[in-house]
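This report concerns only the one structure given below.
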Amino acid sequence: MQSVKGKLWPFQGHPEEEIERNNFSVARGDDVIGRLAVIRLEEGDTLPDIARHFGLGINAISAANPGVDVWVPKAGERIMLPLSFTMPDAPRKGIVINLATMRLFRFKGDARSPVVSTYPVGVGAEDRPTPTGQTRVVRKATRPVWHVPASIAERHRKKGDILPAYVPPGPENPLGEYALYLGKSGYLIHGTNKPASIGLNATNGCMRLYPENIKMLYKDTPVDTPVIIINQPYLIGQRDGLLYMEAHKPMEGPATGELERIHAKLRSIEKQSARTLDWKKVREVQAEARGIPVPIFEMRQGSAKEASAPIDVEHPDALYGKPELPELKLDAWYVVAADLPDKIDAQRIAAIINHQGPQIPARVLSRDKGYRVIAGPFNDVGEAKDAAKRLKIDLDIDGILVEPVEKG
Amino acid sequence: MKKIIVVISMMLVLPVTLIGCATTSELEKVQAEQKLIDAKAEQALQDAQAAKASADAAKLSAENAEKAAAERERIADEKAQRADAAFQKSMKK
């Protein structure tokens, strides 16, 4: 049996370096890019860590793998990496952001050899949705200062957290290291200090990217680049003579208008081809809403290539951006975050704490009866108190401070 | 004459006294036996109740095994959803 770097099963997958995540050339007439992949999970993996490593948002990986525990998935389980994307129905120039799929497309190259870069994004929360429409990049900044909007300051004040008027660049700055300021005043495309929020409706209307992705987008995007923000949960597109449909869960209830638009397009294709579309399949794709392009129709009978099967990917030795846990120290402070009877519950809480931005290191300690989630180590009581405060404000956890076992 | 009367009296009182002593001892013995029996009965009763409770529980368990499993799954899902909701809230600025 061949084993690779301590893995217990025979290596069969493609090296993960071969998997294209962000940059794709677009063949003439094609609307679908990339290729689906499958990976076998290992102990300690979380879906957000896998998602980030492969340039996906938490929404995409969760939708593609219904029923898989986001925080404590089973080791050995094979999950889908939805690395195939249908480009939205919008002009292919500048930046196009589809809020429903939480994906940004940056179109480059010329008409003869178009190239597209695509990144997952975090978008506005339900009560602060990102506005759709056309705008452009009016200004760029590295290490931007965050001027705290009054609405956010007020929300934090209600929780007993007084924010400063502005936050300088650094780990506490939610804009991250790069920002593209849009013509729509107050709206930015920026980085983040909460990478696990990519693929969530979590912003005040801005669009946030993984730190590694905003760096690439910033470099690729000059001032005056046009930006189109759309909301298309249902997408159809062609590739190699096959018609694909990709459905996402609509952000705000049933997207009747969008569905009607797609159905009208499908009826038109059906009419042109003089063949009947498999409407049952269409409804299935729509109901499942897994965010994966599914072949639903052969454009010219007998001429289409078969849809590519998902490829197996080798699990990387280390996942990019995965929160690292510092070793326990006897002379450090800790915060007890929870005592729980169930191991999985404890692991889930620890993982969620670990994925806060900035990170709060947390782990599970086994006890005679149950499991203890402990945050730390912290160098001093001040750090421990800050962590306890964040646990309370952000996660409603009443942490208990633990003094060092040994005085340093 | 007095002597005769005294002797006759003693002859009458002594057996009565002896008879009285025998009755108290027997009473105590009976009472002790009753306690033992009562304890035994109590134990039997408790055993019977425990057996019935156990049978009821087993019956209930068999009847509700599926429900209980579904309930556990529901609770686990709820816990995961609650944790996820808290996480999503924490990801806001």
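Naming convention: chains lettered A, B, ... in sequence-line order (proteins, then strands); numbering from 1 in each chain. All values below were derived from every heavy atom in this structure, side-chain atoms included, with hydrogens, water molecules and symmetry-related copies excluded.
- Only the side chain of A:L175 comes within contact range of chain B, with heavy atoms under 4.5 Å apart.
- Both the backbone and the side chain of A:A196 come within less than 4.5 Å of a heavy atom in chain B.
- Interface summary for chain B: among A:P149, A:P174, A:G122, the most heavy-atom pairs under 4.5 angstrom belong to A:P174.
- Using a 4.5 Å heavy-atom threshold, the side chains of B:F87 and A:V70 count as separate.
- In this structure, the portion of A:I58 lying under 4.5 Å from any heavy atom of chain B is its side chain and not its backbone.
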Can you pull out the donor-acceptor contacts between chain A and chain B, under 3.5 Å, including backbone atoms?
unit_1: A:W71; atom_1: NE1; unit_2: B:D84; atom_2: OD1; d: 2.9
unit_1: A:R155; atom_1: NH2; unit_2: B:K93; atom_2: O; d: 3.1
unit_1: A:H156; atom_1: NE2; unit_2: B:K93; atom_2: O; d: 2.9
unit_1: A:K194; atom_1: NZ; unit_2: B:S90; atom_2: O; d: 3.3
unit_1: A:R208; atom_1: NH1; unit_2: B:M91; atom_2: O; d: 2.9
unit_1: A:R208; atom_1: NH2; unit_2: B:M91; atom_2: O; d: 3.4
unit_1: A:D345; atom_1: OD2; unit_2: B:K79; atom_2: NZ; d: 2.6
unit_1: A:Q356; atom_1: OE1; unit_2: B:S90; atom_2: OG; d: 3.2
unit_1: A:Q356; atom_1: NE2; unit_2: B:S90; atom_2: OG; d: 2.9

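- Here A:E77 pairs with nothing under the side-chain hydrogen bond (donor to acceptor under 3.5 Å, both in side chains) rule; sequence neighbours left out.
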